[in-house]
S.K.: 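Dropping a structure here in structure tokens format, bear with me for questions.
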Amino acid sequence: MTYRSLLYALSLAPAVAGAQTQRPNIIFILCDDMGWGDLACYGQQYISTPNIDRMAAQGMQFMQAYAGSPVSAPSRASLMTGQHTGHCEVRGNKEYWPQSGKVFYNGNADYAVVGQHPLDPRHVVIPEIMKQNGYTTAQFGKWAGGYEGSVSTPDKRGIDEFYGYICQFQAHAYYPNFLNKYSSRDGDKGVSRDILHENIKHDFRSDDYFKRPEYSADIIHHKAMAWLERQDTEHPFYGLFTYTIPHAELVQPEDSILQFYKQKFSVDKDYRGEVGSWYHAIGHVHAQFAAMITRLDTYVGEIMALLERKGMADNTILIFSSDNGPHEEGGADPTFFNRDGVLKGLKRSCHEGGIRVPFIVRWPGHVPAGVKNQHPIAFYDIMPTFCDIIGEHDYIAKYRSPSLGDADHFDGISFLPTLMGRDAEQASHPYLYWEFNETNQIAVRQGKWKLIVKRGVSELYDLETDVHEDHNLADQYSEKVAELQAIVRQAHTPNPYFHVTLPE
């Protein structure tokens, strides 16, 4: 039996009374700005991540997984839409809050409307597909798919329950004035603001900020755990947990996790803050960063333990990844931690370090344990993979927008055969594609070849022999450069909000 016929049979099989539903639950944990080399299972030597390492040992660890973009909003858009950034509507971190006016929370000034450029409501997103297939859906953490009141907020995109940040700029503060919430279960009509009343007693702009007690990462995690606790074995669920750590600012509670790293990094450095930014001045930046990743690892461990306790672990696909490569904002020091591992480039770069991310999948009894897989995948492959898992094999025909027609692109290829250990049945991409307007970069990967276009100028690298992308071979392989440049022109569709310079 092939993987497709097997999954189709599972999706149609009736559930036995009192047993788990045959359709698997899915929890996707997406953290923020974690580099490929930030986890012990990917080679990190300074930071403890025992739970994520255990997840990798119990599942499949992808060594060539790629985010949708080198920054947050377009990377998440690629995940949500199954489109690469030459096709999706959101291709950068376009903001709407600066012109929105101000509101005040106990004297703390904030923006009246917050959020980023909205996803195209005509193109389907993963939560909508899951909901139409009978899944309970939720997202906890960062949304970044549309500003407050726009055409693309969680309540309008198939999500039953949301708690976190609508706006990724707001997520730069871990002790904010408010978070956003929505719950169809509670009868909410749309997304609203949940004011953090204990936080707003203290001034946001002064050192009084550090007296704020309501830490957003912990609050979001507790909301996610409460939602997971309410789920049962009769109804399948899909949870997207978009945790904001280890993104800057590098601030967290003074607990045992942080104290451990303050002792470990007894010689540390301080960060003085930035004028005009929300990043507050802090001390012990190495300890703060390391503690954030271990804190996230603790969250993952609690999720795994809850699934075990509820008897759901074997029927739940658990995925862990990051939205892009490592950052250096807020005092973070990726060089100290060797955060890009053997890779070149950080967040905002289309070099490997900016877009290659950790990606781990655990599904007991289906995904082989302890495998380090070399098959290249990208975020836009997640939609077709999920559709295969739930039996929506003809998802493109079913969900293509009538108003967009053939202009409604679906760029992914299901990697379910790889997940199930059936590599011989796995289809491969003819190429992988990225573009990012803020640094004016484009990248194409085709097999071992990687083309990077910076402000119209092309560079060529052989990833097989030069994964750090040190040796530009464009002059030696002009025909290959021309071939990959032609792919750029084919893959890129113009977007009035996000301009890039095509190769010369």
Side-chain angles (χ1 to χ4, degrees), residues 15 18-32 34 39 41 48-61 126-127 130 134-142 159-164 179 181 183-186 215-246 252-253 255-257 291-322 358-367 369 386 389-390:
Q20 290 181 326
T21 176
Q22 294 292 338
R23 287 182 297 171
N25 312 306
I26 301 174
I27 296 178
F28 195 129
I29 302 169
L30 182 70
C31 68
D32 204 332
M34 175 181 283
L39 298 172
C41 57
S48 175
T49 54
N51 296 299
I52 299 173
D53 297 345
R54 176 164 56 93
M55 181 182 165
Q58 295 173 351
M60 184 174 291
Q61 183 178 350
I126 288 175
M130 303 305 288
Y135 277 70
T136 300
T137 61
Q139 183 170 345
F140 300 94
K142 183 192 288 188
I159 292 174
D160 295 320
E161 186 167 340
F162 172 84
Y163 194 89
L179 291 166
K181 65 177 182 176
S183 173
S184 61
R185 184 174 66 96
D186 293 342
Y215 185 61
S216 64
D218 283 349
I219 296 171
I220 289 166
H221 175 61
H222 294 156
K223 294 284 186 180
M225 293 292 284
W227 173 82
L228 187 55
E229 184 71 70
R230 292 196 299 271
Q231 305 313 304
D232 57 45
T233 57
E234 301 298 322
H235 306 91
F237 56 83
Y238 168 69
L240 180 58
F241 298 176
T242 51
Y243 293 125
T244 53
I245 49 179
Q252 60 205 301
D255 59 10
S256 60
I257 298 175
M292 277 186 150
I293 290 188
T294 296
R295 185 177 305 278
L296 176 65
D297 182 80
T298 301
Y299 295 166
V300 174
E302 291 177 357
I303 292 168
M304 294 167 69
L306 181 56
L307 291 172
E308 291 285 351
R309 178 171 61 78
K310 291 177 69 68
M312 294 176 168
D314 288 349
N315 197 45
T316 299
I317 303 169
L318 186 61
I319 303 172
F320 181 91
S321 191
S322 172
F359 197 97
I360 301 167
V361 183
R362 187 189 76 164
W363 187 11
H366 297 279
V367 173
F386 286 0
I389 288 169
I390 66 175

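Side chains included, hydrogens not; waters and symmetry mates left out as well; all remaining heavy atoms used.
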S.K.: Taking side chain as C-beta onward, heavy atoms only, is Leu307 less than 4.5 Å from Ile27?
M.R.: yes
S.K.: Of all the heavy-atom pairs spanning Gly141 and Ile220, show the shortest one and how long it is.
M.R.: N-CG2, 3.6 Å
S.K.: Can you tell me how far CG of Leu39 sits from CG of Asn51, rounded to the nearest 0.5 angstrom?
M.R.: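 Spacing of CG (Asn51) from CG (Leu39) equals 11.5 Å.
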S.K.: Without swapping roles, check the side chain of Asp314 against the backbone of Pro364 for a donor-acceptor pair under 3.5 Å.
M.R.: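 No; zero donor-acceptor contacts below 3.5 Å.
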S.K.: Would you compute the distance between atom CD of Gln58 and atom CZ of Arg362 and round it to the nearest 0.5 angstrom?
M.R.: 5.0 Å
S.K.: Determine, step by step, whether Tyr243 and Asp32 satisfy the side-chain contact (heavy atoms from CB on, under 4.5 Å) criterion, reporting the C-alpha distance in whole Å, the side-chain angles of both residues, the deciding distance to 0.1 Å, and the verdict.
M.R.: CA-CA 7 Å; Tyr243 293 125; Asp32 204 332; over 6 Å; no
S.K.: Tell me whether the rings of Phe140 and Phe241 are parallel (<30°), tilted (30 to 60°) or perpendicular (>60°).
M.R.: perpendicular
S.K.: Does Thr316 use its side chain to pair, donor to acceptor, with the backbone of Ile26 at less than 3.5 Å?
M.R.: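 No; zero donor-acceptor contacts below 3.5 Å.
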S.K.: I'd like to check Glu302 versus Leu306 (side-chain heavy atoms, cut-off strictly below 4.5 Å). Are they in contact?
M.R.: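 They are not in side-chain contact.
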S.K.: Please tell me if the side chains of Leu296 and Phe320 come closer than 4.5 Å, counting only heavy atoms from C-beta onward.
M.R.: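 Yes. Closest side-chain heavy atoms under 4.5 Å.
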S.K.: Output the distance between atom CD1 (Ile52) and atom CE (Met55), rounded to the nearest 0.5 Å.
M.R.: 8.0 Å
S.K.: Can you find a heavy atom in the side chain of Thr242 that is under 4.5 Å from one in the side chain of Phe28?
M.R.: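 With C-beta onward as the side chain, the pair stays apart.
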S.K.: Is a donor on one side and an acceptor on the other found under 3.5 Å between the side chain of Lys310 and the backbone of Gln231?
M.R.: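 Side chain of Lys310 to backbone of Gln231: a pair is present.
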S.K.: Calculate, to the nearest 0.5 Å, the distance between atoms CG and CD1 belonging to Asn25 and Ile389 respectively.
M.R.: 11.5 Å
S.K.: Please determine whether a side-chain nitrogen of the Lys or Arg among Arg309 and Glu229 lies less than 4.0 Å from a carboxylate oxygen of the Asp or Glu.
M.R.: yes
S.K.: Tell me, with the steps shown, if Met225 and Ile303 meet side-chain contact (heavy atoms from CB on, under 4.5 Å).
M.R.: CA-CA 7 Å; Met225 293 292 284; Ile303 292 168; 3.8 Å; yes
S.K.: For Ile360 and Ala56, work out which heavy atoms get closest and say how close.
M.R.: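 Here Ile360 and Ala56 meet closest at CG2-CA, 3.6 Å.
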S.K.: Contact between Arg185 and Asp160 at the side-chain level, heavy atoms closer than 4.5 Å - yes or no?
M.R.: no
S.K.: To the nearest 0.5 angstrom, please state how far the CG atom of Leu30 sits from the NZ atom of Lys142.
M.R.: 9.0 Å
S.K.: Would a 4.5 Å heavy-atom cut-off, applied to side chains only, mark Cys41 and Thr49 as touching?
M.R.: no
S.K.: For residues Asp186 and Lys181, determine if any side-chain heavy atom of one lies less than 4.5 Å from a side-chain heavy atom of the other.
M.R.: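 No; the side chains remain at least 4.5 Å from each other.
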S.K.: Are the aromatic rings of Tyr163 and Trp227 close, with centres under 6.0 Å apart?
M.R.: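 Ring centroids of Tyr163 and Trp227 are no less than 6.0 Å from each other.
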S.K.: Taking atom CD1 of Ile245 and atom CG of Asp218, what is their separation to the nearest 0.5 Å?
M.R.: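 Interatomic distance, Ile245 CD1 to Asp218 CG, rounded to 0.5 Å: 7.5 Å.
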S.K.: Is the shortest side-chain N to carboxylate O distance from Arg295 to Asp255 below 4.0 Å?
M.R.: yes
S.K.: Taking C-beta and beyond as the side chain, do Tyr238 and Phe386 meet within less than 4.5 Å on heavy atoms?
M.R.: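 Tyr238 reaches Phe386 side chain to side chain.
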S.K.: Does Asp297 form a side-chain contact (heavy atoms from CB on, under 4.5 Å) with Ser48? I'd like the steps, not just the answer.
M.R.: CA-CA 8 Å; Asp297 182 80; Ser48 175; 5.9 Å; no
